[in-house]
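Contents: one structure, followed by commentary.
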Amino acid sequence: QVQLVESGGDLVQPGGSLRLSCVASGSIFGIYSMRWYRQVPGKQRDFVAVITNLNVTDYADSVKGRFTISKDSAKNMWFLQMNKLKSEDTAVYYCGADLKRWMGEPDAHSYWGQGTQVTVSS
């Protein structure tokens, strides 16, 4: 089975930095996009950043200039470097991916990690 696991969440001070990691394991043929989302309790899960297999990136307006998404395709890993953190960045961060488990799978499917808590507070 495909499994995504996030790590790196922590308590940090405003203005601080944090680096989140995600690793995908299991039966994976190819990952077409790697994503980060975040969710505050009682709120919808919001898009944060994405990087595609063609290395195209996109970010939510709220994090542009502060967050950077990157990947290590050989390791099925992707990262979110978060700088100049603000209290409003506090959330559970989830990694996601669109992937195929084998070459002939008709469609890519989306998978999600379990989340890692990021708390920005002094």
Side-chain angles (χ1 to χ4, degrees):
Q1 303 293 335
V2 174
Q3 184 177 20
L4 275 57
V5 179
E6 307 94 334
S7 62
D10 205 351
L11 171 66
V12 296
Q13 294 183 337
S17 297
L18 201 61
R19 183 175 183 262
L20 305 183
S21 300
C22 184
V23 59
S25 62
S27 181
I28 299 170
F29 167 70
I31 303 176
Y32 297 93
S33 66
M34 303 172 175
R35 303 169 181 264
W36 288 98
Y37 301 80
R38 64 188 183 187
Q39 186 172 28
V40 177
K43 303 290 186 178
Q44 68 178 8
R45 189 174 296 184
D46 291 330
F47 167 79
V48 175
V50 60
I51 185 166
T52 74
N53 61 331
L54 299 179
N55 222 31
V56 176
T57 60
D58 194 20
Y59 299 89
D61 288 341
S62 58
V63 307
K64 285 181 179 177
R66 299 188 298 120
F67 290 10
T68 303
I69 188 170
S70 61
K71 64 181 177 70
D72 185 339
S73 297
K75 296 181 178 180
N76 286 337
M77 294 187 69
W78 56 108
F79 312 92
L80 187 68
Q81 178 65 48
M82 304 185 292
N83 298 324
K84 299 180 179 179
L85 283 161
K86 306 173 181 179
S87 60
E88 51 262 43
D89 295 318
T90 295
V92 177
Y93 284 71
Y94 298 87
C95 63
D98 298 328
L99 61 85
K100 290 185 176 181
R101 292 171 292 169
W102 61 89
M103 178 181 294
E105 188 172 27
D107 301 298
H109 292 87
S110 296
Y111 297 84
W112 298 83
Q114 82 291 342
T116 186
Q117 177 71 49
V118 173
T119 302
V120 184
S121 177
S122 59

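The figures that follow rest on heavy atoms only: side chains count, while hydrogens, waters and symmetry mates do not.
Criterion: ILVMFWY side-chain heavy atoms under 4.5 Å apart, direct or through other members. Under it, L99 and M77 are not part of a common hydrophobic cluster.
If you chain together ILVMFWY residues whose side-chain heavy atoms come under 4.5 Å of each other, L54 ends up grouped with V56. Residues F29, Y32 make up the rest of the hydrophobic cluster containing M103, defined by ILVMFWY side-chain heavy atoms closer than 4.5 Å, directly or through other members.
Among residue pairs with one or both ends in residues 41-85, none qualify as disulfide bond (SG atoms under 2.5 Å apart); sequence neighbours excluded. The disulfide bond (SG atoms under 2.5 Å apart) contacts involving residues 8-112 comprise C22-C95, where partners must be two or more places apart or lie in separate chains. Within the structure, the salt bridge (Lys or Arg N to Asp or Glu O under 4.0 Å) test picks out no pair touching residues 2-11 (sequence neighbours left out). Screening residues 26-62 for disulfide bond (SG atoms under 2.5 Å apart), with sequence neighbours left out, gives no hits. Under the ring pair (Phe, Tyr, Trp, His ring centres under 6.0 Å) criterion, the residue pairs touching residues 94-113 are Y37-W112, with sequence neighbours excluded. Screening residues 92-114 for salt bridge (Lys or Arg N to Asp or Glu O under 4.0 Å), with sequence neighbours left out, gives R35-D98, R101-E105. For residues 44-58, no residue pair satisfies the salt bridge (Lys or Arg N to Asp or Glu O under 4.0 Å) rule, not counting sequence neighbours.
The backbone N or O of I69 sits less than 3.5 Å from a side-chain atom of Y59, completing a donor-acceptor pair.
For Q13, the CD atom counts as loosely surrounded, since its 6.0 Å shell holds 12 or fewer non-hydrogen atoms of other residues, nucleotides or ligands. Residue Q1 places its CD atom among 12 or fewer non-hydrogen atoms of other residues, nucleotides or ligands, all under 6.0 Å distant.
For K64, the side chain to side chain donor-acceptor pair (under 3.5 Å) partners are D61, not counting sequence neighbours. Listed by chain and number, the residues in a side chain to side chain donor-acceptor pair (under 3.5 Å) with S70 amount to none (sequence neighbours excluded). For S25, the side chain to side chain donor-acceptor pair (under 3.5 Å) test picks out no residue, with sequence neighbours left out.
To the nearest 0.5 Å, atoms CG (L11) and CD (Q117) are separated by 9.5 Å. Going from atom CD1 of I51 over to atom CD1 of I31 covers 11.5 Å, rounded to the nearest 0.5 Å. How far CG of N55 is from NZ of K71: 4.5 Å, rounded to the nearest 0.5 Å.
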(request) Give the intermediate values and the outcome of side chain to side chain contact (heavy atoms under 4.5 Å, CB included) for residues F79 and T68. (result) CA-CA 8 Å; F79 312 92; T68 303; over 6 Å; no
